[in-house]
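Report on the following structure.
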Amino acid sequence: MIKTIKKIIKTFWLFIGFIWHLLKIPWKYKKSIWYLLKKKGLRSVKNFLFVKYFVTDEGGEVAVLNNLIKATKLSSLAPYPFKIEIEHTTICNKKCIICEHTYWQERQERLTFEQFKQIVDQFPKLRWTNITGEGTGFLNPDFLKIIEYLRLKDISVNFVDEFDFIDEAKARKIIELGVNCIWISMDGATKETYERIKVGCDFEKALSNVRMLLKLKKELNSPFPMICFRFVVNKLNYTEMPKMVELIHSLSDLGEGTKLEFVGLLTFKEIEKYYLPEIPKEILEKTIAKGKNLKVNVQFSHIGKSELPSIGKCTAWTEPYIMMGGYVLPCCAVLMSNKRDFLRKHAFGNLYQKPFKEIWYSERYKKFRHLVQKDKSPVPILCAGCRAYDTKKRERECGALKEI
């Protein structure tokens, strides 16, 4: 009886905390909201807040619908996707030692503007997209044209970049277009570590370009794009985590929505030697303390815990990933595994051969979404061995499907 009462009280306070967080969002982003209201009107404000409330990935805050699906385990609550990730390039001139691109034998490709448009136009209620890829965005000559097309539809745009090929003209264009958020890939707080991991990248150049973008944002009096940083933790850089907090703090006025995310390494055979199972307690505590003292929003993803959450809690599949060539995958977590032939083989379909609507509502895709949520069901083959959620327990108890 006492345990039940404690559980009810805990649930109540979690609910109150959730509601309080929802109410804080407009205040947290008041400058962005006011800017959008003056520049683009109420519709843009509504779209901005929709992303904050319903998108769990970059640019998101609480993902209300995802939490509801997770709580009810009803995959049928997921609507036709309003958030997607599209791989637009696999062109890269770097040899980062923790990236699958360094080890694969794939042909380097990119989407043309017309190919991208063919994909994105299949999502009439699209509100958010991450323009991504195992490559460098600015090496696709249609990159800015793609962004402009999305922004004209008032779709929130996110992308990840190492900030090597951006210049003042490109930065100014990105600000003027109102790109929602840029995640800057920085896997080291010192030149030595950064350039050892990100082979071919230039530490000083990346920081100089960040400062240039921040200066232009101030000059144009724009809160966009929000600048966030992603640090992939591994055996070569984990000791620099507290120093990374200091580095971000030194950039000073980063604006609303800024965060520093420490992410666990997604491993495959060639890079297993760099994998760090768990961050030493003293490093983790020092990093958290630095974040609080310097008022840097520090977040952690897939690290700091010895156990991953159960696959039954996964809602990443609500955000499909469109791989180069038009292949439809359940999420981005299946990427960075250096097994692209496997992904093509088991993809739910190809957008150049069949409309996404037919693929999404196919029996196979619906069965997949249902299986992920069911704790006593076999693990779908695309999810087996997931690096973000624990599938091993279910695989032991119920097995893994070779196909759906």
message: salt bridge (Lys or Arg N to Asp or Glu O under 4.0 Å), that's the test. Do Lys218 and Asp253 meet it? Break it down for me.
response: CA-CA 9 Å; Lys218 192 172 183 180; Asp253 190 15; 5.5 Å; no
query: Can you list the steps and then say if Arg394 with Glu397 is a salt bridge (Lys or Arg N to Asp or Glu O under 4.0 Å)?
result: CA-CA 5 Å; Arg394 266 204 14 213; Glu397 295 175 353; over 6 Å; no
task: May I have the step-by-step check of ring pair (Phe, Tyr, Trp, His ring centres under 6.0 Å) for Phe116 and His88, ending in yes or no?
output: CA-CA 7 Å; Phe116 184 88; His88 76 100; 7.5 Å; no
query: Taking it one step at a time, do Lys243 and Thr190 satisfy side chain to side chain donor-acceptor pair (under 3.5 Å)?
result: CA-CA 8 Å; Lys243 194 176 182 69; Thr190 63; over 6 Å; no
message: Apply ring pair (Phe, Tyr, Trp, His ring centres under 6.0 Å) to residues Phe143 and Phe159 and explain how you reach the verdict.
response: CA-CA 11 Å; Phe143 186 43; Phe159 65 87; 5.1 Å; yes
query: Between Ile182 and Cys228, is a side-chain contact (heavy atoms from CB on, under 4.5 Å) present by the stated rule, with each step listed?
result: CA-CA 6 Å; Ile182 300 175; Cys228 298; over 6 Å; no
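If you check the side chains of Asn158 and Asn130, you find no donor sitting under 3.5 Å from an acceptor. Neither side chain, Thr318 nor Thr315, offers a donor N or O lying under 3.5 Å from an acceptor on the other. A donor-acceptor pair shorter than 3.5 Å cannot be found between the side chains of Asp142 and Thr112. Tyr149 and Asp121 form a side-chain donor-acceptor contact under 3.5 Å, judged by distance and modelled atom types alone. Donor-acceptor pairing under 3.5 Å is recorded for the side chains of Glu256 and Ser32. Side-chain contact, Lys94 with Thr136: no donor N or O sits under 3.5 Å from an acceptor N or O.
No more than 12 heavy atoms of other residues, nucleotides or ligands sit less than 6.0 Å from atom NZ of Lys215. Counted within 6.0 Å of NZ on Lys374, heavy atoms from surrounding residues, nucleotides or ligands total more than 12; the atom is thus considered enclosed. Residue Glu192 places its CD atom among 12 or fewer non-hydrogen atoms of other residues, nucleotides or ligands, all under 6.0 Å distant. Around the CZ atom of Arg344, the shell of radius 6.0 Å holds more than 12 heavy atoms that belong to other residues, nucleotides or ligands. Counting non-hydrogen atoms of other residues, nucleotides and ligands closer than 6.0 Å to NZ of Lys273 gives a total of 12 or fewer. More than 12 heavy atoms of other shown residues, nucleotides or ligands fall within 6.0 angstrom of atom NZ in Lys40. Residue Glu282 places its CD atom among more than 12 non-hydrogen atoms of other residues, nucleotides or ligands, all under 6.0 Å distant.
The main-chain N or O of Gly137 is never found under 3.5 Å from a side-chain atom of Asn140 such that the two would form a donor-acceptor pair. Of the possible donor and acceptor atoms, none in the side chain of Ser156 sits under 3.5 Å from a partner among the backbone N and O of Asn180. Between the side chain of Asn234 and the backbone N or O of Tyr274 there is no donor-acceptor pair closer than 3.5 Å. Distance alone, capped at 3.5 Å, is enough to place a donor-acceptor pair between the Thr90 side chain and the Glu109 backbone. Asn350 contributes a side-chain N or O that, together with a main-chain N or O of Gly325, makes up a donor-acceptor pair within less than 3.5 Å. Checking side-chain atoms of Glu134 against main-chain N and O of Thr89 turns up no donor-acceptor pair under 3.5 Å. Judged by distance alone, with hydrogens and angles left aside, the side-chain atoms of Asn293 form a donor-acceptor pair with the main-chain N or O of Ala289 at under 3.5 Å. Side chain of Glu87 to main chain of Ile131: no donor-acceptor pair is present (N/O by atom type, distance under 3.5 Å, no hydrogens or angles). A distance-only check finds no donor-acceptor pair linking the side chain of Lys259 to the backbone of Asn297 [under 3.5 Å]. For Ser208 (side chain) and Lys205 (main-chain N/O), no donor-acceptor pair under 3.5 Å exists by modelled atom type.
One finds no salt bridge joining Arg127 and Asp154 here, because no Lys/Arg side-chain nitrogen approaches an Asp/Glu carboxylate oxygen to under 4.0 Å. Taking 4.0 Å as the cut-off between side-chain N and carboxylate O, Arg172 and Glu219 count as a salt-bridged pair. For the pair Asp390 and Lys393, the salt-bridge criterion is not met [side-chain N within less than 4.0 Å of a carboxylate O].
Closest approach of Glu100 and Ser337 over heavy atoms only: OE1-N, 3.4 Å. Across all non-hydrogen atoms, the minimal contact from Leu36 to Ser44 is CD1-O, 4.0 Å. Nearest heavy atoms, Leu213 versus Ala171: CD1-CB, 3.8 Å. Of all heavy-atom pairs spanning Ala78 and Trp317, the tightest one is CB-CZ3, 3.6 Å. Minimum heavy-atom separation, Glu162 to Ala206: O-CB, 3.7 Å. A pairwise comparison of heavy atoms in Lys73 and Asp375 identifies CE-OD2, 3.5 Å as the closest pair.
A distance of 9.0 Å separates OG1 in Thr258 from CD1 in Ile248, rounded to the nearest 0.5 Å. In this structure, NZ in Lys173 is found 12.5 Å from CZ in Arg151, a value given to the nearest 0.5 Å. Within the model, atoms CD of Glu261 and CD of Gln299 stand 6.5 Å from one another, a figure rounded to the nearest 0.5 Å. With rounding to the nearest 0.5 angstrom, the CD1 atom of Ile119 is 10.0 Å from the OG1 atom of Thr129. In this structure, CZ on Phe348 lies 13.5 Å from NZ on Lys366, to the nearest 0.5 angstrom. How far CD1 of Ile283 is from CD1 of Ile288: 11.5 Å, rounded to the nearest 0.5 Å.
Within the 4.5 Å cutoff, side-chain heavy atoms of Arg340 are placed close to those of Trp104. By the 4.5 Å heavy-atom criterion applied to side chains, Glu148 and Leu152 are counted as neighbours. Annotation: side chain of Leu343 is in contact with side chain of Val334 (closest heavy-atom distance under 4.5 Å). Residues Trp360 and Pro320 are in side-chain contact: their nearest non-hydrogen atoms beyond the backbone lie under 4.5 Å apart.
For the pair Lys191 and Phe203, the NZ or CZ position fails the cation-pi test of under 6.0 Å to the six-membered ring centre and within 45 degrees of the ring normal. Because its NZ or CZ atom is not both nearer than 6.0 Å to the ring centre of Trp27 and within 45° of the ring axis, Lys24 does not count as a cation-pi partner of that residue. A cation-pi geometry, defined here as NZ or CZ lying under 6.0 Å from the six-membered ring centre and within 45° of its normal, does not hold between Lys313 and Tyr389. Arg369 forms a cation-pi arrangement with Tyr365, by the criterion of a distance under 6.0 Å to the ring centre and an angle within 45° of the ring axis.
Between Phe342 and His346, the ring planes lie tilted relative to each other; the angle falls in the 30° to 60° range. Between Phe50 and Phe82, the ring planes lie perpendicular to each other; the angle is over 60°, past the 30° to 60° tilted range. Using the six-membered ring where Trp is involved, Phe123 and Phe356 have ring planes that are tilted, between 30° and 60° apart.
Considering Tyr35, Tyr29, Tyr53 in turn, Tyr29 is the only one that fulfils the ring-ring contact (aromatic ring centres under 6.0 Å, His included) rule with Phe48.
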